Amino acid sequence: MTTELFDYPLQDATGTTCIAQAWAKVPPTLHKDQKNQIIQAIKSELVRQNAVLVAHYYVDGDIQDLAWETGGFVADSLEMARFGKNHPAQKLIVAGVKFMGESAKILSPEKTVLMPDLDATCSLDLGCPADDFTKFCDAHPDREVVVYANTSAAVKARADWMVTSSCALAIVHHLKEQGKKILWAPDRHLGRYIQDQTGADMLLWEGHCIVHDEFKAIELETLKAKHPNAMILVHPESPSHVVDLADVVGSTSAMIKAVVEGTAQEYIVATDKGILHRMRQLAPGKTLIEAPTAGNSATCKSCAHCPWMAMNGLQGILNCLTEQSGEIIINEDVRLKAKICIEKMLDFTVNNPELLAKAQHGFVKNIGAA
Ligand code: 13P
Ligand code: SF4
């Protein structure tokens, strides 16, 4: 199989890494009184403006709690898109990364969608510029174009399907059954995992998530030896050697479900550590252990926390409400094109619950332990 190589350097013209720039924008820790003041102000503005807060599992625990307390929602990227579309509020505050705010706007153009920091992006999105991606698609017109949600609106506008980690396996399996050949972008690890599981003919873009790419199989084996009864939960954006060690491979919500429903006492978690907040709330008696990112090949990025997710702060949310800052604006032509592949995914997930459940089951490699 031919594999197109495209690895975005994640640097700007000055040689500064995007990651360093993102960490530099992470809001400072707030003093307790200051934090409470901001939380109260957000609560009253959300009510006054009939707005709702939607957050991803990777953002700060205070933001997740605030979303739940104010009638909002904390979820994976598929459920966030669904919630934003179906909620009656005309103003959505999206705490997550840019593609999540864009998906909300693409699906609900009549709503105002605001984000705490519009620079909160994703290495997969950065690593798949629309122009290069268009050339890649043009070179392979015989393939069905399937893109991961972690892409720009312009990339989605060129795709036939959008998928998230919750439904990627079911949708690619469905396309394979129809005899389709797939062009996949941008996450190479997720693409390879789906290829292995479905046997589909997939041409992969070589993008990666800087957070999940750092999990280390050798160190994970050492940790597992110290905790032989622990279940290993892995997000499929992780390298294949790490995925090979997993008991459960799945989206953020599948990983949470595994902790809540699992009979094991200990869980080793290979994804952004922001997820531990929700896991602790839903399964307070369980022991959660962060999967190792450090080791001989560790880099300065090895902290299992997404610098772009970390850019979401309480002050940023308040600014959305008081200054209407961080508004997502999408070119209407791009939006209309991008909407087709997102709605196709949403329709598929609603109409094929049994296929989704079956594919999700395929993610669970060691059901006995779950
Ligand atoms: P989920 O779709 O599983 O929430 O993942 C989104 C993401 O960005 C993972 O890094
Ligand atoms: Fe993107 Fe990785 Fe951050 Fe998820 S954790 S938003 S895939 S950089």
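Scope of the values below: all heavy atoms of this structure, side chains included, with no hydrogens, waters or symmetry mates. Because the structure is predicted, anything quoted here is derived from the model rather than measured. Atoms within each ligand, like the ligands themselves, are counted from 1 in listed order.
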Strictly by modelled atom types, are [X] and [Y] linked by a side-chain donor-acceptor pair under 3.5 Å?
X	Y	answer
Glu266	His227	yes
Asp33	Gln37	no
Gln324	Lys91	yes
Arg82	Thr349	yes
Asp76	Ser253	yes
Tyr57	Thr271	no

Between Asp125 and ligand 2, find which residue part has any heavy-atom pair under 4.0 Å and reply side chain, backbone, both or neither.
neither

Using a 4.0 Å heavy-atom cut-off, which part of Asp272 comes near ligand 2: side chain, backbone, both, or neither?
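Near ligand 2, Asp272 shows nothing, with every heavy atom at 4.0 Å or more.
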
[atom]: which protein heavy atom is closest, and how many Å away?
atom	value
atom 2 (Fe) of ligand 2	Cys209 SG, 2.3 Å
atom 3 (Fe) of ligand 2	Cys306 SG, 2.4 Å
atom 2 (O) of ligand 1	Ser77 OG, 2.6 Å
atom 1 (Fe) of ligand 2	Cys122 SG, 2.3 Å
atom 8 (O) of ligand 1	Asn150 ND2, 3.1 Å
atom 5 (O) of ligand 1	His235 NE2, 3.5 Å

Give the atoms of ligand 2, by number and element, whose distance to some non-hydrogen atom of Val97 is under 4.0 Å.
6 (S)

Heavy-atom contacts with Leu124 under 4.0 Å: which atoms of ligand 2 show up? List them by number with element.
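Listed by number with element, the hits are 7 (S).
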
Just to check, does Met255 reach to within less than 4.0 Å of ligand 1 when the distance is taken from its heavy atoms?
no

Between Glu206 and Arg192, does any side-chain N to carboxylate O distance fall below 4.0 Å?
yes

Residue Ser165 vicinity, atoms of ligand 1 by number, heavy atom under 4.0 Å
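So the answer, numbered in order with elements, is 1 (P), 2 (O), 3 (O).
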
Check the surroundings of atom CG in Asn86: do more than 12 heavy atoms from other residues, nucleotides or ligands lie under 6.0 Å from it?
yes

Any N or O of [X] that comes nearer than 3.5 Å to an N or O of ligand 1?
X	result
Ser251	no
His56	yes
Glu237	yes

Run Ser166 and Glu79 through side chain to side chain contact (heavy atoms under 4.5 Å, CB included) and show every step you take.
CA-CA 9 Å; Ser166 293; Glu79 294 161 345; over 6 Å; no

For the pair Tyr193 and His189, evaluate ring pair (Phe, Tyr, Trp, His ring centres under 6.0 Å) and give the outcome as yes or no after the intermediate values.
CA-CA 6 Å; Tyr193 177 71; His189 297 310; over 10 Å; no

Side chain, backbone, both or neither: which part of Tyr58 has a heavy atom under 4.0 Å from ligand 1?
side chain

Contact partition for Leu78 relative to ligand 1, non-hydrogen atoms under 4.0 Å
neither

